[in-house]
Amino acid sequence: MDNKTNIGVIGVGHLGQHHTKHYSKIDGANLVGVFDLNQDRCKSIAAKYDIKPYETLGEILEKAEALSVVTPTKDHKKVAEECINKGKHVFIEKPITKTVAEAEGLIALAKEKGTIIQVGHIERLNPALLPLEKFDINPKYIEVQRLAPYMSRGTDVPVVLDLMIHDIDLVLALVKSPIKEISANGISIMTDSVDMANARIQFKNGAIANITSSRVAKDRVRKMKVFQQDLYITVDFLRSLTEVYRVMDADKTDPSAIMSAPLVSKERHRQIFYEKPVIKKQDALKMELENFIEAAQGKAKPVVDGNAGKNALELALQIHNKILEDIQ
Ligand code: NAD
């Protein structure tokens, strides 16, 4: 038990129940219990995993060293602040907070208290994205599409903060450059808020990202295309399919150019090579939480830290505000 981290989950609704399930199986985690304002829900999830249902936040904070904060976003700041103030590490579901000022406050507090903030931008650990690690990624253009059928859950926030923020975080992780210009449009279809949005982000290094998100679609789509010098990668997050097209110097008869198109450029023989990396079947949420436990134990860095969560929120809010300006 000694090298296990005492972990608790705050908010065991739709997503918090899955945090609880994974922690109950992660080797380095000792799940001490759960807390939810809805005490019936709290007791039923606790009973399912044979753990303690806590009646107050203060009580669970006495037992846990690290906590998942899986309450609605509007409460992230208040709950996480109380955890960090007690010196606890926090995994905060995305978006980190409601406002950038709240995120900055939590980051400063965590620095002062020496605790870790990790943010639940789960797509960073999507198995279909992981093959990109073996390439030197320097995109010139990224196209992302995330479409989902309408569901009432999540519609209390605009689509940019619900769906697009996943892709904003991915784009910021792939293009490591300050932003030069943003343009964005959006419309309301089903709610009083923005349900469909398109954003074009221009970076100072010349890269461009074009992101489309909609929660009014017949079928779910989550696709990304990354274009850069001599490299084109497509990622289908839902089908777990990643395809890589690379232009490389090669002899005209090189048999490993599975799908080849001969190119002659500056007298060099070049060919297009096609690769379909093998995608490991892994649960991204479990991997995120394992990473958090290791980070709490000082063995790893959080894959998405508080700053990355704040940067994604800041850009999402800028995009959303541009859309509102355009609509009015
Ligand atoms: P939910 O409404 O299903 O569950 C929230 C739970 O928190 C409820 O049981 C509620 O009683 C409880 N709660 C509310 N305020 C509380 C408080 N102050 N203290 C303790 N418990 C409290 O919501 P959800 O869909 O599970 O979403 C939770 C968070 O997860 C949100 O921030 C959401 O944006 C995020 N989320 C992330 C993803 C992802 O892909 N990473 C997906 C869905 C939701």
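Numbering of ligands and ligand atoms starts at 1, following listing order. Counting from 1, the numbers follow the sequence of the chain as shown.
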Looking at [X], which atoms of ligand 1 are within less than 4.0 Å of one of its heavy atoms?
X    : result
G120 : 41 (N)
L15  : 26 (O), 30 (O), 36 (N), 37 (C), 38 (C), 42 (C), 43 (C), 44 (C)
I10  : 20 (C)
D75  : 15 (N)
P95  : 34 (O)
N38  : 11 (O)

Practice task
State whether the side chain of N185 and the backbone N or O of N198 hold a donor-acceptor pair below 3.5 Å, judged by distance alone.
Solution key: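 No, the answer is negative, given that no donor and acceptor are paired below the 3.5 Å cut-off.
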Handout entry: Polar side-chain atom of Q228 near backbone of N138 as donor-acceptor pair, under 3.5 Å
Key =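 Yes, because the side chain of Q228 sits within donor-acceptor range (under 3.5 Å) of the backbone of N138.
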Problem - Any residue meeting side-chain hydrogen bond (donor to acceptor under 3.5 Å, both in side chains) with K286, in chain and number order, not counting sequence neighbours - result: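 For K286 the side-chain hydrogen bond (donor to acceptor under 3.5 Å, both in side chains) partners, ignoring immediate neighbours, are E290.
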Handout entry: Identified side-chain contact (heavy atoms from CB on, under 4.5 Å) counterpart of I122 within the set E93, H166, M287
Key =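 Of E93, H166, M287, side-chain contact (heavy atoms from CB on, under 4.5 Å) with I122 is met by H166 alone.
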Exercise for the section: Among T242, N126, L130, find the residue that satisfies the side-chain contact (heavy atoms from CB on, under 4.5 Å) test when tested with V235. Expected result: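 It is T242, the one option of T242, N126, L130 that forms the side-chain contact (heavy atoms from CB on, under 4.5 Å) with V235.
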Practice task
Could you establish whether H166 and ligand 1 come within less than 4.0 Å of each other, counting only heavy atoms on the residue side?
Solution key: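 Under 4.0 Å: yes for H166.
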Practice task
Answer yes or no on whether K52 is positioned over the face of Y54, meaning its NZ or CZ is under 6.0 Å from the six-membered ring centre and within 45° of the axis.
Solution key: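 Geometry flag: set, cation within 6.0 Å and 45°.
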Which protein non-hydrogen atom lies closest to [atom], naming both residue and atom, and how far is it?
atom                    : result
atom 11 (O) of ligand 1 : D36 OD1, 2.6 Å
atom 14 (C) of ligand 1 : P72 CD, 3.3 Å
atom 34 (O) of ligand 1 : K94 O, 2.9 Å
atom 1 (P) of ligand 1  : H14 N, 4.0 Å

Non-hydrogen protein atom less than 4.0 angstrom from [atom]:
atom                    : value
atom 27 (O) of ligand 1 : no
atom 4 (O) of ligand 1  : yes
atom 30 (O) of ligand 1 : yes

What part of [X], side chain from CB on, backbone N/CA/C/O, both or neither, has a heavy atom under 4.0 Å from ligand 1?
X   : value
H76 : side chain
E93 : side chain
L57 : neither

Problem - side-chain hydrogen bond (donor to acceptor under 3.5 Å, both in side chains) partners of residues 109-122, not counting sequence neighbours, each pair once - result: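 Counting only pairs at least two positions apart or across chains, the side-chain hydrogen bond (donor to acceptor under 3.5 Å, both in side chains) contacts touching residues 109-122 are Q118-N291.
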Handout entry: Same apolar cluster: F203 and I208, side chain cutoff 4.5 Å
Key =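 Shared cluster, no.
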Exercise for the section: Would you kindly confirm whether V144 and L172 end up in one hydrophobic cluster when ILVMFWY residues are joined by side chain heavy atoms under 4.5 Å apart? Expected result: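 Yes, because V144 and L172 connect within a single hydrophobic cluster, where side-chain heavy atoms sit under 4.5 Å apart.
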Taking 4.0 angstrom as the limit, do [X] and [Y] come out as a salt bridge?
X    : Y    : answer
E275 : R246 : yes
D167 : R146 : yes
D236 : R222 : no

Exercise for the section: Would you check the N or O atoms of R41, main chain and side chain alike, for any that come under 3.5 Å of an N or O of ligand 1? Expected result: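 It does not: no N or O of R41 is found under 3.5 Å from an N or O of ligand 1.
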Practice task
Could you say whether the N/O atoms of V12 and ligand 1 ever approach to under 3.5 Å?
Solution key: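 By distance alone, the answer is no.
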